[in-house]
Structure formats: C-alpha cells, structure tokens
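Every chain is numbered from 1, with letters handed out A, B, ... down the list of sequences. These numbers come from a predicted model, not from an experiment.
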Protein chains: 2
Amino acid sequence: MATPHTHTHDHGSWNTHAADALARKGTRRSSARDAVVTAIAAQDCCASAQEIHARLRTDGSTVGIASVYRTLELLHGMGLVTRIDTGDGVARFEPTHPGGEHHHHLVCTSCGAVEAFHDDALEEAIHRIADRVDFRVDAHDVALRGACRACR
Amino acid sequence: MATPHTHTHDHGSWNTHAADALARKGTRRSSARDAVVTAIAAQDCCASAQEIHARLRTDGSTVGIASVYRTLELLHGMGLVTRIDTGDGVARFEPTHPGGEHHHHLVCTSCGAVEAFHDDALEEAIHRIADRVDFRVDAHDVALRGACRACR
DNA sequence: GTTTACTTGATAATGGTTATCATTACCGCG
DNA sequence: CGCGGTAATGATAACCATTATCAAGTAAAC
Ligand SMILES: [Mn+2]
Ligand SMILES: [Mn+2]
Ligand SMILES: [Zn+2]
Ligand SMILES: [Zn+2]
C-alpha cells in the first residue's frame, strides 16, 4: 500500500503536454520559458525557483530569476505544476501529471530532505472527505514530518 | 466520519498544560510570554504571529512583535504548538492538545478562509503509512484546497 | 518589413521572519 | 531583604524569498 515512490514517468510526455497547453492558450514561444519548462520536465520531485534557476545557469542558460518565477506562476495557474510548501518558507514545484497520478512527501525536519510516497488508502480517505464536506475541494496535500534514515 | 470540527476544548487546560511545561523547563516567568500563551490558549484554530500580536495590542498589552515570534518558536520547539502553512507565505499556529487530538484544514484559495475538519479514516491511513515507511514520522499535516461555500 | 504587444532580465520594492543590542526584571543566593 | 548573573524584552536593523517595475528585446500577425 505505502510504497517508496518509483520514478516511472516519461519526462518528455509532460514536456509535450505542457507545451501543447501553452500553445492552446496562445502564449508566444520564448527561449526563457522553454528552458524553464524543460527543466521542470526533468524533475521527478519538487524543486524551488532558485534551484531551477541555478540549474539553468549552470547549464549555460542566461534566463533571469524573474522569468523562472513568472513561468512557475503561469504553469501553476494553468494547473500544469503543483506547488508544495514544506514549511521552510520556500515554495517548491513539480510537474502535475495529466492522469491525476501524484505523490506526497516525507520531510526531514532535521536536514530538510524530501522523499516521495504514495498510498491508495490515503487517497481514498481524502476523496471521501471531499465528498462529505461543505467545500469544493480542488487539490490536497499531505506532508509527513520527522527524521529521515540518515538523521535518525 | 468527516465531521465539521466541533470546538469542545477547555482553553484553560491547554494554558495550564503549557505553563506547567514551561515551568518544568525552567524558563523565567514574564508578562510578555504569559500574554502570548494566554492568547494562544484562546484559539480554536490557527492564527499568525501578526494576528496574535494585533489582538494583544488591541487588548492594551505592550508586547513586542519579537516576543510573539520568540514565544511561538519556543512553544513550537517544545511541541506545545502546531505550525500550519497554508501556502500564503504566513506561518500560523494553534495549540497542540496533549492527548494527540487534532484537526486538519480546508483552505479557500480564493478568500484565504480556513476551516477545520477531522476524519478517522484519514488518521488511520496516515498511521499505517508511518509504520511502513523508512522514516521516523513525528507529525503530519493535511490541507484540502478549493473554494469555501461563500466563494463557490 | 512594419507594427503591436507579449516577454525578458535587471533591479527595486515588499513583507514576513530573524538577528542584534541596549535595557529591563526574574530569581537564586548570601 | 538587597545583589548579581543572566534570561527576557522591545525597538529596529538585517535577511531573503517573492513581486513589481520598466526599458529593451522579439515573436507573430498583417
Ligand atoms: Mn493525494
Ligand atoms: Mn491528523
Ligand atoms: Zn514530489
Ligand atoms: Zn486549525
């Protein structure tokens, strides 16, 4: 039931999915946005704007930090990216897969490490709550906090 | 199963609980800390440092904002207070009840309203995950995001 | 090619939180 | 009781992730 999340995504498929959605929305094509989208497509789990920016600059890109934030905001507004707050005051983002398939996070309060997990019973419970409550539930997030193997 | 959380806490009991824990820890008694502890004891759900500070000042207290942050950090470190991040860049805090009884939150992404809920199946699922995963889980939090009745 | 307005990158501004520091005031001890 | 050591305080400066601003660049429509 609770499984260490296996990374079996095709990075290219999300990239295409996102590019299509952007084209459909009618945004112009630009190298900055392309670079950010490609960088996000390569992630299996969450990364902050600053981390994405640093990775891009290391790879020789000249994208500005503002464009990273702007692109993340755009993609988030379009539901192409999931925002995750691990509680350290930094927003992290990961690709949202079209099928609804996703994972949640184990956060080490000692070293800040983030691990992914998935659990069907958890999803089922959340789904039932959403049906029962006087609130339209669009999204959910779950974080388990504690100590990772290394910090324990 | 999923119930709108009923507020049946005795505010005084958490206040005493916290005061005892602070005494046991050997901290000095001060009016600033007392005021913050009392303010938190009066909460049924989460409030930010600034909100707590404003409430105290309105009530005639001269507590500085720094003391509010310091007290929250102290109480959080002692496990007396739960920190909640609703994703708007503001940390909120609510009293941690000794029996482990707690609730989770519905967050309206439109107006920012926060409602509490509790669900046994959800807790059970999380408990099972904690047992199964290679991680020491000390705490967990769950947020359901969407639109409240008023914003829907 | 020209025009239009979407994008960009640099940089200033914002705002919650944290660090600093001189001053205050608990509280154990004589 | 007083003292003295030092935890705690409140004002304020510093920090830092995120946002807003703006002049310059550049897709894409015509
Ligand atoms: Mn889920
Ligand atoms: Mn719970
Ligand atoms: Zn992830
Ligand atoms: Zn609450």
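- Nucleotide C/dG16 holds its C1' atom 14 Å from the CD1 atom of B/I52, rounded to whole Å.
- One finds a salt bridge joining A/R92 and A/E51 here, because a Lys/Arg side-chain nitrogen approaches an Asp/Glu carboxylate oxygen to under 4.0 Å.
- Listed by residue number, there are no residues of residues 71-93 of chain B with a heavy-atom contact under 4.0 Å to DNA chain D.
- Using a 3.5 Å distance cut-off with no hydrogens or angles, the side chains of B/H127 and B/H140 do not pair a donor with an acceptor.
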Requested in this report: Decide yes or no on salt bridge (Lys or Arg N to Asp or Glu O under 4.0 Å) for B/D59 and B/R57, but give the supporting numbers first.
Outcome: CA-CA 5 Å; B/D59 295 353; B/R57 295 300 267 241; over 6 Å; no
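- Here B/Y69 does not reach the OP1 or OP2 of C/dT18: none of its side-chain N or O atoms lies under 4.0 Å away.
- Distance B/R28 CZ to D/dA7 C1': 4 Å, rounded to the nearest Å.
- No donor-acceptor pair closer than 3.5 Å links the side chain of A/S67 to the backbone N or O of A/V63.
- Defined by atom type and a distance below 3.5 Å, a donor-acceptor pair is missing between the side-chain atoms of A/R55 and A/T58.
- Each end of the helix from C/dG1-D/dC30 to C/dG30-D/dC1 yields a helix axis from five base pairs, and these two axes differ in direction by 20° (to the nearest 10 degrees).
- Checking side-chain atoms of A/H102 against main-chain N and O of A/G100 turns up a donor-acceptor pair under 3.5 Å.
- Here the C1' atom of nucleotide D/dT21 and the CD1 atom of A/I65 are 17 Å apart, to the nearest Å.
- Near DNA chain C, meaning a heavy atom under 4.0 Å from it, residues 29-41 of chain A has A/S30, A/A32, A/R33 in order of number.
- Remark: the backbone N or O of A/H97 is not paired with any side-chain donor or acceptor of A/W14 at under 3.5 angstrom.
- In the model, A/E115 has no side-chain atom that pairs as donor or acceptor with a side-chain atom of A/H103 under 3.5 Å.
- The separation between B/K25 atom NZ and D/dA8 atom C1' is 14 Å, rounded to whole Å.
- For the 3.5 Å distance criterion, the side chains of A/H11 and A/D44 qualify, holding a donor opposite an acceptor.
- Judged by distance alone, the side chains of B/H118 and B/E123 never bring a donor and an acceptor atom under 3.5 Å apart.
- With rounding to whole Å, A/Q50 atom CD is found 16 Å from D/dC15 atom P.
- Looking at heavy-atom distances under 4.0 Å, A/S48 makes no contact with the nucleic acid at all.
- Remark: the A/T86 side chain and the A/D88 side chain contain an N/O donor-acceptor pair separated by less than 3.5 Å.
- Counting to the nearest Å, the C1' atom of C/dC26 and the CG atom of B/L22 are 15 Å from each other.
- A/R70 contributes no side-chain N or O that forms a donor-acceptor pair with the base of C/dT7 under 3.5 Å.
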